[in-house]
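Everything on this sheet refers to the single structure shown next.
Naming: A, B, ... by sequence-line order, numbering from 1 per chain.
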Protein chains: 2
Amino acid sequence: MLGLLSAGPASGYDLLKTFELSLENVWPATQSQLYAELGRLAKEGLVRVAAEGPRGRKEYEITEEGRAELRHWLVEVPPTMTRRSDMLLRVFFLDQVGTGAARGYLERLAERAVHEHDQLLGIREFVIGQGDDALRLYGDIALEWGLRLTAAQRDWAEWAAGRVAALEQEKALEHEKAGQAVAE
Amino acid sequence: MLGLLSAGPASGYDLLKTFELSLENVWPATQSQLYAELGRLAKEGLVRVAAEGPRGRKEYEITEEGRAELRHWLVEVPPTMTRRSDMLLRVFFLDQVGTGAARGYLERLAERAVHEHDQLLGIREFVIGQGDDALRLYGDIALEWGLRLTAAQRDWAEWAAGRVAALEQEKALEHEKAGQAVAE
DNA sequence: TAGTGCATGTAACAGGTTACATGATTTT
DNA sequence: AAAATCATGTAACCTGTTACATGCACTA
């Protein structure tokens, strides 16, 4: 929220729209959370109500303390490197469902990655040439991460499905051999 | 937890060790959470106390209902595709700190990715050839995802740092030109 | 016998989600 | 006049983290 307000004053409602539109893939936030957090930030002096509009609209702006806190967070607080992926956790236990279902799971992951990749390409077409130099650059960089991540996910999931298919084949052959041995 | 117990009975303490050792990068869990969750799962009939040992040790085993629930979760519940990355969120606001600090941030991300990649390579050396066919395969697949993800992160962060450096250069040139214009 | 490791649990708090609740202004 | 949009807030609940609290059993 400090980041968004650093670009100019906005109401809780405005921020909500921004979260829904452009930050949704990076940091989703709910309406309740936003208003609660605005109250908290105001109490801490990091934002202040700059103007009041119709329908009880309160336009917030970032304070100097807020800007300092934002800069501090940006470069001095070490990023978390998101662990915890239920997508990957499932992979560990995929032997519980047999090769067919396991392969299906991985193939669906690949399809999904392709779909998300396409969506990001769509966004890129849409935002091309928007904003000034610096803003566009950082937006591009973030978008590029999404593109590379989804591409890597697709490649990996396809590769993994192939490995599972190979195991499937191997098992089938063994079964066949065992059958022949019994027949002989 | 159901996944871990599907490989054989274990106590809360055992599960904790497994989480710390092998699931730490995929799904970290704390001790409090584990014991609380075991109680809940037992109440729901997904696990049961199979044996009691010294020091109040309770060995849990998965029930048939638990196994069914695990299989259901594995293939029928759609995975989340982790959104929410504070690492990426920062990128959006990097214009607040100037090109120098922004480049520093991205370079640190690259270094970190390299470090994590190396750690995963170490793990791969360590686990090579362990477990049976199916288990090893899915372990390999999960590890491969880590390797690809960290490699992609390194490449991306280096590329991004390069783009920021280019902007830095451009700005420096403009500044120079402006200086010359004033001199003339 | 002192230290380490095994073993289980509770309490307070932080962050986030869903659902509830209300009402003013603008557009059709 | 009705519908959509703008606009703000609260309450209950769930998940997860940190810190507290306890004690047995093995080993050096």
Side-chain angles (χ1 to χ4, degrees), chain A residues 1-5 9-21 23-44 46-61 69 73 77-86 89, chain B residues 1-5 8-21 23-44 46-61 69 73 77-87 89:
Chain A
M1 292 172 64
L2 292 177
L4 293 181
L5 287 175
S11 71
Y13 194 82
D14 294 338
L15 292 177
L16 180 63
K17 296 295 151 196
T18 311
F19 270 95
E20 280 171 1
L21 280 172
L23 250 43
E24 213 231 328
N25 294 302
V26 173
W27 199 269
T30 59
Q31 180 254 42
S32 322
Q33 211 186 339
L34 245 63
Y35 285 110
E37 195 61 33
L38 273 176
R40 237 169 286 145
L41 290 174
K43 214 168 66 184
E44 287 174 48
L46 303 179
V47 303
R48 95 167 68 84
V49 179
E52 307 213 5
R55 282 169 290 201
R57 175 190 173 90
K58 289 191 237 169
E59 200 152 71
Y60 287 89
E61 71 181 2
E69 173 58 30
W73 173 73
V77 180
T80 322
M81 295 293 184
T82 328
R83 306 211 287 310
R84 194 163 280 178
S85 154
D86 66 271
L89 182 59
Chain B
M1 290 174 63
L2 291 177
L4 293 181
L5 287 175
S11 70
Y13 193 83
D14 294 338
L15 292 177
L16 180 63
K17 295 296 149 192
T18 311
F19 270 95
E20 280 172 0
L21 280 172
L23 250 45
E24 215 233 328
N25 295 302
V26 173
W27 199 270
T30 58
Q31 180 254 41
S32 323
Q33 212 186 339
L34 245 62
Y35 285 109
E37 195 61 32
L38 273 176
R40 239 169 284 145
L41 290 174
K43 213 167 66 185
E44 287 175 47
L46 303 179
V47 303
R48 96 168 68 83
V49 178
E52 307 212 5
R55 283 169 289 201
R57 175 189 173 93
K58 288 191 239 172
E59 200 152 70
Y60 288 89
E61 69 181 2
E69 172 58 30
W73 173 73
V77 180
T80 322
M81 296 291 184
T82 328
R83 307 213 286 311
R84 194 162 280 176
S85 153
D86 65 91
M87 171 237 117
L89 182 60

Using the 3.5 Å cut-off, write out each protein N or O paired with an N or O of nucleotides 11-16 of chain D and the distance between them.
{"unit_1": "dG16(D)", "atom_1": "OP2", "unit_2": "Gln33(B)", "atom_2": "NE2", "d": "2.9"}
{"unit_1": "dG16(D)", "atom_1": "O5'", "unit_2": "Gln33(B)", "atom_2": "NE2", "d": "3.3"}

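- Rounding to whole angstrom units, CZ of residue Phe19(B) and P of dT17(D) are separated by 11 Å.
- Here the closest heavy-atom approach between residue Ala42(B) and residue Tyr60(B) is recorded as CB-CE2, 4.4 Å.
- By the salt bridge (Lys or Arg N to Asp or Glu O under 4.0 Å) test, Arg55(A) is found to be paired with no residue, residues two or more places apart in sequence or in another chain being considered.
- The list of side-chain hydrogen bond (donor to acceptor under 3.5 Å, both in side chains) pairs with a residue in residues 25-34 of chain A, not counting sequence neighbours, is empty.
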- Task: Show your reasoning for whether side-chain contact (heavy atoms from CB on, under 4.5 Å) applies to Leu23(B) and Leu4(B).
- Result: CA-CA 10 Å; Leu23(B) 250 45; Leu4(B) 293 181; 4.2 Å; yes
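- Summarising the geometry, the separation between CG on Leu15(A) and C1' on dC6(D) is reported as 14 Å, rounded to the nearest angstrom.
- The distance between atom OH of Tyr35(B) and atom P of dT18(D), rounded to the nearest whole Å, is 17 Å.
- Residue Phe19(A) comes nearest to Ala29(A) through the heavy atom pair CD2-CB, 3.8 Å, listed as atom of the first residue, atom of the second, then distance.
- Listed by first then second residue, pairs satisfying side-chain hydrogen bond (donor to acceptor under 3.5 Å, both in side chains) with a partner in residues 10-19 of chain A read Ser11(A)-Asp14(A), Ser11(A)-Arg57(A), Asp14(A)-Arg57(A), not counting sequence neighbours.
- Across all non-hydrogen atoms, the minimal contact from Met1(A) to Leu34(A) is CE-O, 3.6 Å.
- Considering all non-hydrogen atoms of both residues, Glu24(B) and Arg83(A) come closest at O-NE, 3.2 Å.
- Remark: P of dA7(D) and CG of Leu34(A) are 14 Å apart, rounded to the nearest angstrom.
- Applying a 4.0 Å cut-off to non-hydrogen atoms, the residues of residues 47-60 of chain B that approach DNA chain C are Arg55(B), Gly56(B), Arg57(B), Lys58(B), listed by residue number.
- Side-chain contact between Leu5(B) and Leu41(B) is absent, with no heavy atoms from C-beta onward closer than 4.5 Å.
- Of all nucleotides in DNA chain C having an atom under 4.0 Å from a heavy atom of chain A, the first and last in 5' to 3' order are dG16(C) to dT25(C).
- The minimum heavy-atom distance between Leu15(B) and Ala10(B), with the atom names listed, is CD2-CB, 4.2 Å.
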